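Here is the structure we will look at, set down as structure tokens.
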Amino acid sequence: MKSTLIDLTSRLQAALIAAFGSELAQTDPILVPTQNPKFGDYQANVAMSLAKPLRQKPREIAVQIVEHLDVSGLCEPPEIAGPGFINLKLKTDYLTAQLKTMQKSDRLAVEAVKQPQKVIVDFSSPNIAKEMHVGHLRSTIIGDSLARTLAFLGHDVLRLNHVGDWGTQFGMLITHLRQVCPEALTSSEAVDLGDLVAFYKEAKQRFDQDEAFKAASREAVVELQSGGEEALRAWQILCEQSRREFQKIYDRLNIQITERGESFYNPLLPDVVKDLKSLELLETDQGAEVVFLTGFTNKEGNPQPLIIQKSNGGYNYATTDLAAIRYRIQRDEADRIIYVTDAGQANHFMQIFQVARRAGWLPDTVEVVHVPFGLVQGEDGKKFKTRSGETVRLRDLLDEAVKRARQDVEQRIQAEGRSETPEFIQQVAEKVGIGAVKYADLSQNRTSDYIFSFDKMLALQGNTAPYMLYAYVRVQGISRKGGIDFSQLGTDAPVILADEAEFAIAKHLLQFDETLAAVEQELLPNRLCQYLFELSQKYNQFYDRCDVLQAAEPQRTSRLILCDLTARTLKLGLSLLGIEVLERM
RNA sequence: GGGUCCUUAGCUCAGUGGAUAGAGCAACCGCCUUCUAAGCGGUCGGCCACUGGUUCGAAUCCAGUAGGACCCGCCA
């Protein structure tokens, strides 16, 4: 099915050429949905912008465009309003035909992209030997949602977990464990991740205070990097253990991701240094090998260096990230690489991208993009922490959300005098709780800091997961009550639009593909959230105003089709956010 | 010193160079004999931080100012 926006845009472009010649072939007709229904459904704003170059009055330009415009299959006759707006109102026949096409399609007639790309989404990326915390939440669910959306649109998506599985912290940890808990280094059963986190904190403290310990730790890093068997074995055990814990979280969040940690790039690091050197980008500064950056200056006003190799010969994350870019472009053949990390790393990525570009590793045909997100804050506006000031563990946060969701469901069931099995209650609580956490995060523009509030995300009204899940449940309620199998609704049965609420839903349903295209471009999942919220609102209005099961045929079947399309759009849209629907709640 | 981002209703936030800037929450007023009221309708609420500029048109683009968050050589 052709997207309405794309179809109308190309028709407007044709009209521009027909009216004013081929020099306007590249002119954007500036077609946007109207904000006020009295102006129709779409408006083209191009006439005003052409007034100066064409030296004509905008309204006259609009008249000429409309004279050459063929939209008779889609729209009522175009109207020119105000200074030169071209207002387009979709024909009812067009709306119903499009809806029928959606109904027959197993993907709601959303076309796959014409030029699929190899896209890498780098997200989540927790650190080994540390617990996943609220800071990993945003990267994980935003990255997952983007990956799902791009894959649905037909791209070849590789989801990579760039876990922090290498570096000085392991020297520290191994040294400490050798002294206080050697069994942790020989068996992954000996301690759990919680213990490891405690050991890590102790090790860090010693590292900062104890010179001898610091030296021993550095020794251990060297041991590890040179492939010392015992150190390597210890490292593997630590990784395995962390991995098991991470997997529990990923299972619970329903996240699929391929682990390819920093250590993966270790063998490639010497070549990064070597090649930068032969390109004469590398310079020695205060004992370290650095690339001086353009556009970044230090406090003295001199060009700022990016450290590629430390004075002790070790590498740091810039080196790893450069190696990763090369690998992803050369070996993975990525066309687009998306990094979902916090906004604080914006500088870092600009620097990495600059060096990769200057080294010729990053051609213009490849798009690298940092997708930043803001901090998670508590309701006091400060960094999100527990009452005792600790970082909030992700598993505790998810437990809490589910617990609150369960209390809510139980209360409601009691109030309504229903009787439900414990399994049902548990399932609803889990899906509502996890869905609420995800939706609350995704529904905000990711670039701003995000105030975390259980009360708001689990609220039963407003732009929340429960609201949308409820709209979906309402549709399923109709199907149960009427014994309707939506998949068996006649494909020949007509869609009839009469009530204002029916028109509103119909038009909104047809904008699903435009919304997904916007997410693909802007990488902002909150656009999809906004769309789904509006769809839910429109459905609830429809539900309020229009009887479905009691309606007379053929209106009854027509309305059932609208219900079905709404439910399928909600289900698909929510799935692209990583949120599962419920049949009852 | 340099850089990035932010500032929109009491609160939390949307907002694509276009017509009268929108939601949700909170507050207040209504609507359940009828598909789950976790819903719907209504009222109230605005110097889009400020000052300029670009433009036929600016919350949106540019510059400056103020306030805030974050990053900037051997952590990631």
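Throughout, a chain's letter reflects where its sequence line sits, starting with A, and its residues are numbered from 1. This structure is a prediction, so every number in the text was calculated from the model and none was measured.
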Can you tell me if A:R527 touches the phosphate of B:U16, counting only side-chain N or O atoms and a distance under 4.0 Å to OP1 or OP2?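 True: A:R527 side-chain N/O within range (under 4.0 Å) of B:U16 OP1/OP2.
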
CD1 of A:I307 versus P of B:C74: gap in Å, rounded?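 Rounded to whole Å, this separation is 6 Å.
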
Nearest whole Å is fine: how far is B:C75 P from A:D165 CG?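 From A:D165 CG to B:C75 P: 17 Å.
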
Pairing donors with acceptors under 3.5 angstrom, does anything connect the side chains of A:Q530 and A:S443?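 Note: A:Q530 and A:S443 side chains miss the donor-acceptor criterion.
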
Can you check each nucleotide of nucleotides 55-64 of chain B against protein heavy atoms at under 4.0 Å and return B for base, S for sugar-phosphate only, - for none, in 5' to 3' order? -B--------

Heavy atoms only: give me the nearest A:R559-A:E502 pair and the separation to one decimal.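 Between these two residues, the closest heavy atoms are NE-OE2, 3.1 Å.
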
List in chain and number order the residues that pass salt bridge (Lys or Arg N to Asp or Glu O under 4.0 Å) with A:D321, two or more places apart in sequence or in another chain; answer none if no residue qualifies.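 If we apply the salt bridge (Lys or Arg N to Asp or Glu O under 4.0 Å) test to A:D321, skipping adjacent residues, there are no hits.
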
Is there a donor and acceptor pair closer than 3.5 Å between the side chain of [X] and the base of [N]?
X	N	result
A:N540	B:A38	no
A:K38	B:U20	yes
A:Q43	B:A19	yes

Kindly write out the residues that satisfy ring pair (Phe, Tyr, Trp, His ring centres under 6.0 Å) with A:F384, not counting sequence neighbours, or none if the list is empty.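 Per chain and number, A:F384 pairs via ring pair (Phe, Tyr, Trp, His ring centres under 6.0 Å) with A:F452.
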
Taking the C1' atom in each of B:A26 and B:G2, what is the distance between them to the nearest angstrom?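 Each nucleotide's C1' atom is 43 Å from the other's.
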
Pick the P atom in B:G41 and in B:A9, then give their distance to the nearest Å.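 Comparing P positions in B:G41 and B:A9 gives a spacing of 24 Å.
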
For B:C11, which nucleotide in any strand shown is its Watson-Crick or wobble partner with both distances under 3.5 Å?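 Across any shown strand, B:C11 pairs with B:G24.
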
Please say which of A:V428, A:L574, A:L570 ends up in a side chain to side chain contact (heavy atoms under 4.5 Å, CB included) with A:L469.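 For A:L469, the side chain to side chain contact (heavy atoms under 4.5 Å, CB included) check succeeds only for A:L574.
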
Centroid under 5.5 Å and tilt under 30°, A:F85 to B:A19: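 Stacking between A:F85 and B:A19: present.
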
